[in-house]
Each structure stands twice: as structure tokens, then as C-alpha cells.
Amino acid sequence: MAIETETFLEYLVVEYRWVIVILALLPMSAAWKLWSIIRNYVVFKMNSAPKMHDDKVKEVQRQIKEWLSGDKSTHLCTARPTWQTMSFRHSMYKRTFTNIQINLVDVLEVDKENMTVRCEPLVTMGQLSRTLAPLGLALPVVPELDQLTVGGLVMGTGVETTSHVHGLFQHVCLEYELVLADGSVVNCSKDENADLFYAVPWSYGTLGFLTSVVIKVIPAKKYVRIHYYPFNNLSDLAKRFSQESLKPNPHQFVEALLYTRDSGVLMLGDMVDEVGRDGKLNPIGVWHAEWFFKQVEKHLKRKRTAIEYIPLRDYYHRHTRSLFWELQDIISFGNNFIFRYLFGWLMPPEVSLLKLTQPEAVTKLYNKAHVIQDMLIPIELLEKAIAFFHDEFEVYPIWLCPFKIFNNPGQLKIKPGEESQMFVDIGVYGVPKAKGFETIASTRHVESFVIQNQGFQMLYADTYTTREEFRQMFDHKLYDRVRASLPNCKEAFPEIYDKVNRNVRK
Ligand SMILES: Cc1cc2nc3c(=O)[nH]c(=O)nc-3n(C[C@H](O)[C@H](O)[C@H](O)COP(=O)(O)OP(=O)(O)OC[C@H]3O[C@@H](n4cnc5c(N)ncnc54)[C@H](O)[C@@H]3O)c2cc1C
Ligand SMILES: NC(=O)C1=CN([C@@H]2O[C@H](COP(=O)(O)OP(=O)(O)OC[C@H]3O[C@@H](n4cnc5c(N)ncnc54)[C@H](OP(=O)(O)O)[C@@H]3O)[C@@H](O)[C@H]2O)C=CC1
Ligand SMILES: CC(C)=CCC[C@@H](C)[C@H]1CC[C@H]2C3=C(CC[C@]12C)[C@@]1(C)CC[C@H](O)C[C@@H]1CC3
């Protein structure tokens, strides 16, 4: 009887989570967004952030020196609360490590002559695209969820539909400013402290604290002209997807969504300044617009190609409002037109608030029957990988995004002798339908597949690899050397594995 009551209560909490989300989280999210937009606009216009930056860096140094003068018995991490971060899990080490406050939230300088932007690590993608758009500029790679931060994307990784040309987020970063474990401030770039520069991406804050980043910017146009190509055969889709990604002069944006194992839509896009006569304007950012992945699915059902013009910033953040397709599990009627017209302007709830208020019953359910994974695979293995993922997970839609890795020193190794290698990010987010799915066993099968095929796993998600497997996936030679050479580094920071493995995340 007690078990039945508990199960019934859990059912209620999961099924009716939307009540709390709509009544409490949506208004709180909107208020927070409004406040941060006004605050960031005023600070940027007053140009006050650059003057304060040095003092803020000194404050980081002060905290590290304080730790150095103590018994150094704890490791260090940023004090950003774990509920604010863009991963599904909570990092348990935050409770025991010494937390270093890195209150660095501003865009510092846009340099139109050198085509760069300098910003602090807590600047978000939404904030940056909003700052750059009126100046006619954009980042070459804009990871699509508004709340992703520059610091997280440098220390983890960032991928978007322009990555087949520009590479990952780290490849458009030109310079990092870090506070190291001995309290010193260093700058690094490919010409200055190059080893550190190449070891920082994917290091998850285990080499030092990032305090600013110089990122490349490119000229932006007003719209993205997207050509949608529906496919009903995986081989044909995979072949065309690879050809388009590998072309010497490819389209600027390449992306595909799979809706079943054998059907999906390929999207090829380019920036343009005007809406042409060959397609309609589709402002997907207006408050009542349908969720983007639902709009794309319609092209599959219509079975013909189509062209649309999407305002650039709407395009960049096209998966934000529905958090890819994750929000449909929380607000199942979120794409209904009545809901959109009434509440669309409040969407989405902040990921941070969803994490903060996530009931235990939801965590249990996600642990048991939910996959959130991005696997990075050499592009020629796309078809084979989809077949494998289908057998293990059977989760749809699947996000496909091509990206290039350059032959640089660091944790990512590519085919020897090549200048660069094309990969594809296979993003699997949702409820698995595969027979026999079991979270740990199935994810471990997929991880082995990835390692055997010289691929990688994005580390914001759960990794069930052992330390040895993890070291097989990521080359640690440069990383180990840099850690050994930096004063106090090993005392101050654990290895990457110790911050990302499933056992240190709840
Ligand atoms: C706990 C917490 C901590 C935070 N810390 C910081 C911080 O330290 N520094 C900081 O600067 N900010 C911080 N933020 C703010 C957060 O990053 C902002 O909510 C975000 O920057 C808002 O930008 P936006 O692009 O969503 O806004 P807008 O551009 O106004 O967009 C509003 C919403 O409309 C939707 N939308 C926009 N374009 C499209 C489109 N094309 N298609 C579909 N939907 C679209 C999106 O859902 C978007 O969220 C924090 C927020 C929280 C909750
Ligand atoms: N399209 C895409 O590319 C997407 C990417 N992601 C992933 O999400 C993550 C980014 O999320 P976000 O919430 O922004 O970042 P997080 O706060 O999750 O940070 C990720 C890691 O970076 C470290 N870090 C962050 N800032 C600093 C800093 N100033 N100095 C030193 N270390 C730092 C954190 O260290 P600490 O633990 O000490 O806080 C943490 O280990 C990345 O891992 C990214 O790959 C997720 C969705 C989409
Ligand atoms: C494009 C790439 C590389 C990754 C996209 C990842 C996202 C789909 C996930 C990143 C953070 C995730 C969270 C959730 C869903 C999936 C993500 C947005 C939740 C909203 C799911 C519901 C929980 O209660 C809270 C989660 C927070 C993190």
C-alpha cells in the first residue's frame, strides 16, 4: 500500500510538473531575462566593465593566494553553483572543493578593426549574439542554447552548424587570460605559451581559472536562407550530408534532424541580406512561432524541398525555445497554438531553474529512462553509427551537426598526416524505446563503439567510461606535461576524469 501511494505521488509529480513550471518558473525566468538584458545593455553602453576587469582578476588572485597560504588540503573549482550550469547533472565536488568566486559576466571590447571580441567567462551566447548583432557582427560558431557560457564552452567544448568550416568553439578562440594555481596571471595564444593554449580546451577547469577570452568575429548578414531537403532513406541522407560537409566551398550552415532511423531533413543554409523570391520569410523567433524541430518535421511530411529565410539571430537560437525537443517531456502541450499565443513569449523556462527545482521522482525517471548524449564520430561512419545507436537507444529526433577538427596539439587526435578531419556530432536527447535499454549497459556499449572508432564523447553529459577508457578516448600527453610544468597545478586541480565521470555527478 505504502509503495503504491509513493508510486502514485511520483506519477503526479512527473505528470503535473508543468503546473509549477508554468505558474512559477516561467514568470521567474522572464523576470530574470529582462533584468539581465537591461543590466548587460547598460554596462556595455557605459563601457564600465573593462575598467573593472583588472580589479576582478585581482580578486581571483587574492582568493588563490589565500588558499596557497593555507594547508592546501582541498582542490579548487569555480563557485558557480552547479544548478546554474548547462549539464543535466549536479557536480558533487563543488561541495568539498574550495570554491573560487569568478564574478566575470561582461563583454569587454569589440574590436572591429581586428575583428575580435574580448569577453569574460560568464558571458552567455544569448548575451553575445545580442551585443554583436546591432554591430553587424557574429561569432563564427554560436552554440545554440542561449545560456551556454564562454567559459564553459572553452573549458568543455562548443559545436554548431558552422563547425564544418570553422571547427569547434575552441578553434575560433585566439587568446585566453588565466589565473594559475600559483596566483599568477598568464595570457596564452598559439604564439605565446602555446602548450597551455592548446591544452586548455576540454580541460574542464583543471589547469587554471579563465578570466577573459579573445574570440574571432565575422561580418553578419540579416537572414539565413535555408534549403530543406527531406529524405526517406538513411544511406542517401548520410551520403549527401557528408558530401555537403566536405565540399571545398560548402554552404555556411549544415545540419540534419532524423525523425526515424530512415527519415530526416537535411538543412543547408547561407547568410544573405535580403529575402529572395524563391522562399518565404519565417521569423521563428516571434513569441507564437511553432517549435523549430516541429516546423522542420513538416518538410519531411510534405516530401518536397523548400526554401525559407530566417532572421539570423532567430536562426542561431532556433533550438532554445524548445530546448531541442526536451521541453515536450515537461510541457507536452507547449507547441499547441493556444499555449504559444498565450505563453510563448515567456518560453523557455531557464534550464537553471528547471535543475534547481527538479523533483527527486523526475531524477529517478531520467536515470532510468532518458538519454542525453552527444557522440562525436568520424563522418564516414555516420550511417553505421546511427544503426548502432538505433539498436542501443532508439531515440528520435536525433541532431546531426558536422564539424572539423584541426591537426593541433591537444586532447583531440585525428588521423595522422591529415591537416584536419571531419566529424559529426550525433545528439541523442530523449526517452529510449530500444528493447532491452538499460542506462549503464547501453551507454557503455555506445561509449565502446565511440572509442573503437576513434570518436569522442561530449563531457557535459554522463560518461560511464573507466579512467583507462577515458585516457584512450582523449590524448593526455600534452595535458599531463602542462600539468606537471605548472606550479601547484596538481595540488590545486584534479584530473579531468575526476570532474566528469558519472560517480562524481548526481
Ligand atoms: C541562475 C541564472 C544565472 C545567470 N547568470 C548570468 C550571468 O552570470 N551573466 C549573464 O549575462 N546572464 C546570466 N543569466 C541570464 C541568462 O543567460 C539569460 O537568460 C540569457 O542571456 C537571455 O538571453 P536570450 O537570448 O534568451 O534573450 P532574448 O533574445 O530576449 O530571447 C528570449 C527568449 O526567446 C526565445 N528565442 C529567441 N530567439 C529565438 C528563436 N530564433 N527561435 C526560438 N526562440 C527564440 C528564447 O527562448 C529566448 O530565451 C543567468 C540566468 C539565470 C537563471
Ligand atoms: N552546442 C553545444 O556545443 C553545447 C555544449 N554544451 C556543453 O555545456 C557545457 C557548457 O555549459 P556551461 O554551463 O556554460 O559551463 P559549466 O559551468 O558547466 O562549465 C563547464 C566546465 O568548465 C569549467 N569552467 C567554466 N568557467 C570556468 C572558468 N572561468 N575558469 C575555469 N574553469 C571554468 C567548469 O569548472 P568548475 O567545475 O570548476 O565550475 C566546468 O568544469 C560545455 O561542457 C559544453 O560542451 C551543452 C549544450 C550544447
Ligand atoms: C547541442 C548539444 C551539443 C547539446 C544539447 C544538450 C541539451 C539537449 C541538454 C543540455 C542541458 C540539458 C538539460 C535538460 C534537457 C537537455 C539539455 C537541455 C533538462 C531541461 C531536462 C529536464 C530536467 O528537469 C532539467 C534538465 C536541465 C539540463
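Reckoned from all heavy atoms, side chains included, excluding hydrogens, waters and symmetry mates. Remember, it's 1-based here, ligands and their atoms both numbered in the order they're listed. We count residues from 1, following the sequence as given.
Protein heavy atom closest to atom 9 (C) of ligand 3, with residue, atom name and distance, is Ile372 CG2, 4.1 Å. For atom 20 (C) of ligand 2, the closest non-hydrogen atom of the protein is Gly152 CA, 3.9 Å. Scanning the protein heavy atoms around atom 25 (C) of ligand 3, the nearest turns out to be Gln358 OE1, 3.4 Å. Nearest to atom 4 (C) of ligand 2 among the protein's heavy atoms is Leu148 CD1, 3.8 Å. Taking atom 7 (C) of ligand 3 as the reference point, the nearest protein heavy-atom neighbour is Leu145 CD1, 4.1 Å. For atom 27 (C) of ligand 2, the nearest non-hydrogen atom of the protein is Thr78 CG2, 3.9 Å. Counting only heavy atoms of the protein, atom 20 (C) of ligand 3 lies nearest to Leu354 CD1, 3.7 Å. For atom 7 (C) of ligand 2, the closest heavy atom belonging to the protein is Tyr460 CB, 3.6 Å. Looking only at heavy atoms of the protein, atom 28 (C) of ligand 3 is closest to Val351 CG1, 3.7 Å. Among all non-hydrogen protein atoms, the one lying nearest atom 11 (C) of ligand 3 is Met86 O, 3.7 Å. Among protein heavy atoms, the minimum distance from atom 2 (C) of ligand 3 is reached at Tyr429 OH, 3.3 Å. With respect to atom 26 (C) of ligand 3, the closest heavy atom belonging to the protein is Phe88 CD1, 3.7 Å. Given atom 33 (C) of ligand 2, the protein heavy atom at minimum distance is Met155 CG, 3.6 Å. The closest protein non-hydrogen atom to atom 32 (N) of ligand 2 is Gly205 CA, 3.3 Å. Summary of contacts: the protein heavy atom closest to atom 44 (C) of ligand 2 is Thr157 O, 3.0 Å. In this structure, atom 37 (O) of ligand 2 lies nearest to the protein heavy atom Tyr93 OH, 2.4 Å.
Annotation for ligand 2: atoms under 4.0 Å from non-hydrogen atoms of Val159 are 1 (N), 2 (C), 3 (O). Listed by atom number, the atoms of ligand 2 under 4.0 Å from Phe209 heavy atoms are 30 (N), 31 (C). Taking every non-hydrogen atom of Pro143 and a distance limit under 4.0 Å, the qualifying atoms of ligand 2 come out as 1 (N), 2 (C), 3 (O). Near Gly158, the atoms of ligand 2 lying under 4.0 angstrom from a non-hydrogen atom of the residue are 3 (O). Heavy-atom contacts of Tyr460 reach the following atoms of ligand 3: 4 (C), 5 (C), 6 (C), 10 (C) (cutoff under 4.0 Å). Ligand 3 places these atoms under 4.0 Å from at least one heavy atom of Lys355: 27 (C). The contact set between ligand 3 and Met458, taken as ligand atoms under 4.0 Å from a residue heavy atom, comprises 3 (C). Of all the atoms in ligand 2, the ones that sit under 4.0 Å from a non-hydrogen atom of Pro121 are 29 (N). Those atoms of ligand 2 that come under 4.0 Å of a heavy atom in Thr149, given as number and element, are 12 (P), 14 (O), 15 (O). The distance from ligand 2 to the heavy atoms of Lys499 drops below 4.0 Å at these ligand atoms: 35 (O), 36 (P), 37 (O), 38 (O), 41 (O). For ligand 2 and Gly156, the ligand atoms under 4.0 Å from any heavy atom of the residue are 43 (O).
Residue Trp399 is tested with Phe324, Phe292, Tyr429 for a ring-ring contact (aromatic ring centres under 6.0 Å, His included); the sole match is Phe324. For the side-chain contact (heavy atoms from CB on, under 4.5 Å) with Trp83, the qualifying choice from Gln358, Lys94, His90 is His90, the only one to do so. Considering Val500, Thr443, Ile451 as possible partners of Thr465, the one that fulfils the side-chain contact (heavy atoms from CB on, under 4.5 Å) test is Ile451. For the side-chain contact (heavy atoms from CB on, under 4.5 Å) with Leu168, the lone residue among Leu412, Asp425, Val141 that qualifies is Leu412.
Distances from ligand 2 to the non-hydrogen atoms of Glu160 include no value under 4.0 Å. Using a non-hydrogen distance threshold of 4.0 Å, His319 does not register as a contact of ligand 3. Using a 4.0 angstrom heavy-atom cutoff, Glu144 counts as in contact with ligand 3.
Proximity of Ile330 to ligand 3, defined as any heavy-atom pair under 4.0 Å, is confined to the side chain (atoms from C-beta onward).
From Glu495, atom CD reaches atom CG of Asp480 across 6.5 Å, with rounding to the nearest 0.5 Å.
Within the set Glu350, Glu326, Glu160, the minimum heavy-atom distance to atom 16 (C) of ligand 3 is found for Glu326. One option in Gly208, Ser212, Ala461, Gly151 has a heavy atom closer to atom 31 (C) of ligand 2 than any other, and that option is Gly208.
For His171 and Phe406, the gap between ring centers is short of 6.0 Å. Taking the six-membered ring for Trp and the full ring otherwise, the centers of Tyr315 and Phe253 sit less than 6.0 Å from each other. Taking the six-membered ring where the residue is Trp, the centroids of Phe403 and His164 are separated by 6.0 Å or more. A distance below 6.0 Å separates the ring centres of Phe423 and Phe456. Phe493 has its ring centre less than 6.0 Å from the ring centre of Phe209.
Of the protein's heavy atoms, at least one falls inside 4.0 Å of atom 22 (C) of ligand 3.
Considering both main-chain and side-chain atoms, Tyr204 comes within under 3.5 Å of ligand 2 through a nitrogen or oxygen pair. Looking at Arg17 next to ligand 3, an N or O pair under 3.5 Å apart turns up.
At a threshold of 4.0 Å, the pair Arg118-Asp106 does not count as salt-bridged, since none of the basic side-chain nitrogens sits closer than that to a carboxylate oxygen. Checked for salt-bridge contact, Arg318 and Glu160 meet the test: a charged N lies under 4.0 Å from a carboxylate O.
Note on ring orientation: taking the six-membered ring where Trp is involved, the planes of Phe343 and Phe339 are tilted (angle from 30° to 60°). In this structure, Phe389 and Phe449 have perpendicular ring planes: the angle between them is above 60°, well past the 30° mark.
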> Would Trp325 and Tyr396 count as a ring-ring contact (aromatic ring centres under 6.0 Å, His included) if you check the C-alpha gap in whole Å, the side-chain angles of each, and the deciding distance to 0.1 Å?
Replying inline: CA-CA 9 Å; Trp325 23 96; Tyr396 296 97; over 10 Å; no
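Counting heavy atoms of neighbouring residues, nucleotides and ligands inside a 6.0 Å radius, atom NZ of Lys56 exceeds 12 of them.
Ser29 approaches Leu353 most closely through the heavy-atom pair OG-CD1, 3.5 Å.
Proximity of a side-chain donor or acceptor of Asp146 to a complementary backbone N or O of Thr124 within less than 3.5 Å is not detected. Between the side chain of Ser163 and the main chain of Val159, no donor-acceptor pair closer than 3.5 Å is present. With hydrogens and angles ignored, the 3.5 Å screen pairs no side-chain donor or acceptor of Arg505 with any backbone N or O of Phe88.
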